[in-house]
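Here the structure is laid out as structure tokens; the discussion comes afterwards.
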Amino acid sequence: MRIVLGVTGGIAAYKATGIIRLLTEAGHDVKVIPTANALRFIGATTLEALSHNSVDPDLYTDVESVKHVELGQSADLVIVAPATASFLARMATGLADDLLINTLLATKAPILVAPAMHTEMWQNPATTANVSVLRSRGIEVLDPAVGRLTGADSGPGRLPEPEDIVAAALALVSIQDLAGKRILITAGGTQEPIDPVRYIGNYSSGKQGIALATQATKRGAQVTLLAANVSEPIPSLHKVIRVSTAAELANAVHNELATTDALIMAAAVADFRVENAADKKLKRSELGSEITLKLVANPDVLAGAVSRIESENLVVVSVGFAAETANDGNDLQRLAEHKLEAKGCDILVANNVSAGAVFGADHSSVVVLTKTGNVTSRHGSKQAIADHILDVLGQEI
Ligand code: CTP
């Protein structure tokens, strides 16, 4: 894709380098347009070297090529990051006094704007009004991240991470690379009853599975979501089946398996269940000072699906997840390689859950391994990670 990246004059301008790198590594042709003030924060040489394209923000050079029109018309996607308060105001009024705004007015491509400024400036009614004008015109304006700002202060105003900006921008260009593919995704965590009011469960929120279902749907796939006790809102999907226990999840997976092109097992499945769950509430007063619950193994749903795929010659790509407590990145990869082998799936996504990371969080870090030896890692929002997993899956499906 041809992507125009506008960089305006804020302290976060240096983060544009991360955005350029992610876009070029994904094979996109990136043309950077810094404003004059952006060049006070970052050098044109850096932007040229990383983008592999010349950088000339002067509206009045190469006049014969009508640069702003050529750049605007040839762009498939435009990103402005960071976007200052001044940029938002000029864009909202169409004040075309530099190459960047002229290019933006000349483009029909989707535009994503990522503002970054001090909290007071972001919350100022002038900025709020400019942002609503831009949004009302179909421009995607990201909310800034919350955190440390230039000085000692912190609050909403930080530029979101490059991975999140890139994921949100690419989501605007509806690449239908999964069109017609049927994808079965499990999300959430199973609950194994002890009695009618108690269960054995886990911390899985279902956010990663839902992000996968959302992104896959945007990319054209027909998604069936098996939602195990998911409390997060579920978007509109082709089909949603709610399950609770591992046995119900296993049944649903097996019912759907023959009519899917890919199975993504993002759900945390309980390995054991209570052998004889009580059908009446266990009363504390009748139990004494200790009780023993006998647990028996649940079927391994993923391994079972993989063996059926092999024995019935089904054309289904299988993706497993591994939540590991690893010491570091190398240890995580080693555990992931072991699990890929043990589960027999085509792709394995591993994340490190040491010290409570991942569960319920909006960001995580994963390493993605394929049976064919491809290893990639990603840190970012669950949406960015979902897109990366789907990129890997897209190569296999
Ligand atoms: N899984 C499954 N059925 C189970 C347990 C897990 O299908 N009974 C799936 C999960 O959905 C996940 C993958 O297997 O995609 C890895 O799960 P995990 O619990 O990390 O692996 P285990 O097999 O339980 O291995 P261990 O506890 O030894 O780490």
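Just follow the structure's listing: the first ligand is 1, and inside any ligand the first atom is 1.
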Please determine whether residues Val316 and Val306 belong to a single hydrophobic cluster, defined as Ile, Leu, Val, Met, Phe, Trp and Tyr linked transitively by side-chain heavy-atom distances below 4.5 Å. yes
Under 4.0 Å from a heavy atom of Asp271: which atoms of ligand 1 are those, numbered in the order shown and with their elements? 4 (C), 5 (C), 8 (N), 24 (O), 27 (O)
Quick one: do Asp29 and Arg2 make a salt bridge, cutoff under 4.0 Å? yes
Looking only at non-hydrogen atoms, the one of His338, Glu324, Lys339 nearest atom 29 (O) of ligand 1 is Lys339
At a 4.0 Å threshold, what atoms of ligand 1 neighbour a non-hydrogen atom of Phe321? 12 (C), 13 (C), 15 (O), 16 (C), 17 (O)
Assigning hydrophobic clusters by single linkage (Ile, Leu, Val, Met, Phe, Trp, Tyr; side-chain heavy-atom cutoff under 4.5 Å), is Met265 placed with Ile183? no
Salt bridge present between Arg90 and Asp98 (N-O < 4.0 angstrom): yes
Met265, any N or O under 3.5 Å of ligand 1 N or O: yes
Under 4.0 Å from a heavy atom of Pro299: give me the atoms of ligand 1 that qualify, with their elements. 3 (N), 4 (C), 8 (N)
May I ask you to check whether Leu302 has an N/O atom sitting below 3.5 Å from an N/O atom of ligand 1? yes
Would one find an N or O of Ala303, backbone or side chain, under 3.5 Å from an N or O of ligand 1? no
State the atoms of ligand 1, each with its element, that fall below the 4.0 Å cut-off from a heavy-atom position in Gly320. 15 (O)
Flag side-chain contact, heavy atom, 4.5 Å: Met91 against Leu134: yes
Applying a strict under-4.5 Å side-chain criterion to I, L, V, M, F, W and Y, I'd like to know whether Leu393 and Ile385 cluster together. yes
Just distances here: any N/O of Lys343 and N/O of ligand 1 closer than 3.5 Å? yes
Minimum-distance protein heavy atom relative to atom 3 (N) of ligand 1: Val301 N, 3.0 Å
Carboxylate-amine/guanidinium contact Glu256 Lys239, below 4.0 Å: yes
Mark up the atoms of ligand 1 that fall under 4.0 Å of a heavy atom belonging to Ala267, in ascending order. 10 (C), 11 (O)
CG of Asp271 to CG of Leu295, rounded to nearest 0.5 Å, is 11.0 Å
